[in-house]
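Report on the structure given below.
Naming: A, B, ... by sequence-line order, numbering from 1 per chain.
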2 protein chains.
Amino acid sequence: MLLFHHPISAPSRFVRLLLDEYGETPELQEEHPWARRPEFMQLNPAGTLPVLIGDAGVAIVGAFAISEYLDETRGPMMRDRRLMPGSSLERAEVRRLIDWFLAKTEADVTRALARERVFKLQMSPAEGGGAPDSAVLRAARSNIRQHMRYLGWLAQSRNWLAGDAFTCADLAAGAAVSVLDYLGEIDWASEPAAREWYSRVKSRPSFRGLLTDRVRRLPPASHYADLDF
Amino acid sequence: MLLFHHPISAPSRFVRLLLDEYGETPELQEEHPWARRPEFMQLNPAGTLPVLIGDAGVAIVGAFAISEYLDETRGPMMRDRRLMPGSSLERAEVRRLIDWFLAKTEADVTRALARERVFKLQMSPAEGGGAPDSAVLRAARSNIRQHMRYLGWLAQSRNWLAGDAFTCADLAAGAAVSVLDYLGEIDWASEPAAREWYSRVKSRPSFRGLLTDRVRRLPPASHYADLDF
């Protein structure tokens with residue numbers, strides 16, 4: 001399998017985590033979606049990440065489609081380590097949380113911070129590169145608190161985010177949080193339950209690859225790869 | 001079942017179409033998400049539509065979670081009229097298109113036009129009501145052409161949008177297009193294949209409810225409910 005991804009893209013990280021949990025070791029190809037490379041746009045006209053070239057050489061586009069595809073094709077072999085619960089209502093809750101962390105948190109917070117602080121370092125001036133826009137940073141940062149509070153509430157009320165068992169929802173949240181944590185944007189002291197949950201998530205073997213990611217000219221926050229903070 | 005929806009919300013319309021195709025007649029409750037009604041925010045902290053109160057009285061949140069839930073619980077009884085294909089790769093393509101029409105088209109076009117032209121009529125001044133912002137309208141309208149061109153390309157290349165069979169992807173696209181068509185925002189003359197596809201989609205019995213929707217002070221485009229345009 002071949003995964004088109006970017007190291008500072010939460011939906012890409014979610015799929016890398018999923019693949020590792022399912023025991024798959026895809027080839028990783030870093031893609032700069034802002035460059036709108038013609039071969040990539042043919043695979044995904046939306047020009048978004050991630051895109052997985054799966055078993056049959058066919059492109060599977062987007063975190064939602066990929067996670068359902070992997071659950072359908074690999075889930076049953078996982079038995080009690082399956083990342084989607086057995087009942088339809090519990091599955092609906094997992095999907096709600098994937099949508100929360102990879103669509104809502106992404107739109108309110110993660111996408112803007114990744115673009116302003118990372119992508120703009122990698123873009124040419126013609127592509128929109130340059131200094132971060134401080135108004136955009138301010139707006140995104142003012143949204144982080146609400147998202148961290150909700151994460152804290154979930155972590156406090158449940159064993160894992162969607163209930164008793166570890167699921168895809170924990171990976172989706174972990175992917176988003178890991179991007180923000182790389183950038184040093186999270187005030188962990190104010191959300192101890194979220195901190196304890198994240199410490200458990202990032203200790204999973206599937207997280208190892210993410211914790212060694214490095215962006216040129218932008219080292220991670222000092223505690224980023226520290227499993228006990 | 002009880003569906004919290006808004007008549008000019010594409011994801012809400014998608015779920016109304018799905019429920020009708022599955023033979024379900026839910027009670028409909030119009031919700032104004034901008035009002036952030038406390039009881040509604042408790043059902044869905046994201047404050048977004050649609051939310052379905054399903055079989056067990058439990059809230060199922062968001063178009064993605066609801067469509068998978070309905071396929072899991074009702075799909076098998078639909079036999080060859082099932083709205084999701086049988087193979088995992090074909091299902092991935094349906095999910096890519098749902099994401100295109102209900103996330104990308106929504107973010108690029110539909111959400112802004114619905115907000116500026118409809119929601120602002122229903123909002124109080126304190127909620128942000130008032131005249132549409134012409135810069136926002138202009139940006140959304142300049143994106144429509146690309147989205148209609150892609151729809152036209154799909155309609156020309158395939159029998160239905162995801163392939164040979166009618167699927168959820170046609171309902172997702174139909175929901176988005178029907179909102180834009182209500183508002184008279186679509187230049188049908190320039191996309192004949194999309195027009196022919198939409199004429200087939202809106203002739204389905206499940207579309208009847210949508211075609212009789214009316215927003216106070218904003219009648220639909222004259223051809224809106226005309227099955228042959």
Summary of side-chain hydrogen bond (donor to acceptor under 3.5 Å, both in side chains) pairs that have at least one residue in residues 160-172 of chain B, sequence neighbours excluded
B:Asp170-B:Trp197
May I ask you to test the A:Ser67-B:Arg95 pair for a side-chain heavy-atom distance under 4.5 Å?
no
Answer yes or no: are there more than 12 heavy-atom neighbours, outside A:Arg145 itself, under 6.0 Å from its atom CZ?
no
Which one wins on heavy-atom pair count under 4.5 Å against chain B: A:Asp99, A:Asp108, A:Leu89?
A:Leu89
Looking at B:Lys104, B:Glu68, B:Gln146, B:Glu93, which one has more heavy-atom pairs under 4.5 Å with chain A than the rest?
B:Glu68
A:Arg115 atom CZ: more than 12 heavy-atom contacts under 6.0 Å
no
Non-hydrogen atoms of B:Arg96 and A:Ala65 that approach each other most closely:
N-CB, 4.4 Å
Among the listed options B:Ala92, B:Gly62, B:Ala46, the residue most often paired with chain A at heavy-atom distances under 4.5 Å
B:Ala46
Within a 6.0 Å radius of atom CZ on A:Arg141, are there more than 12 heavy atoms belonging to other residues, nucleotides or ligands?
yes
Quick check for you: to the nearest 0.5 Å, what is the distance between B:Asn44 atom CG and A:Trp100 atom CH2?
7.5 Å
B:Glu39, CD atom: more than 12 neighbouring heavy atoms under 6.0 Å
yes
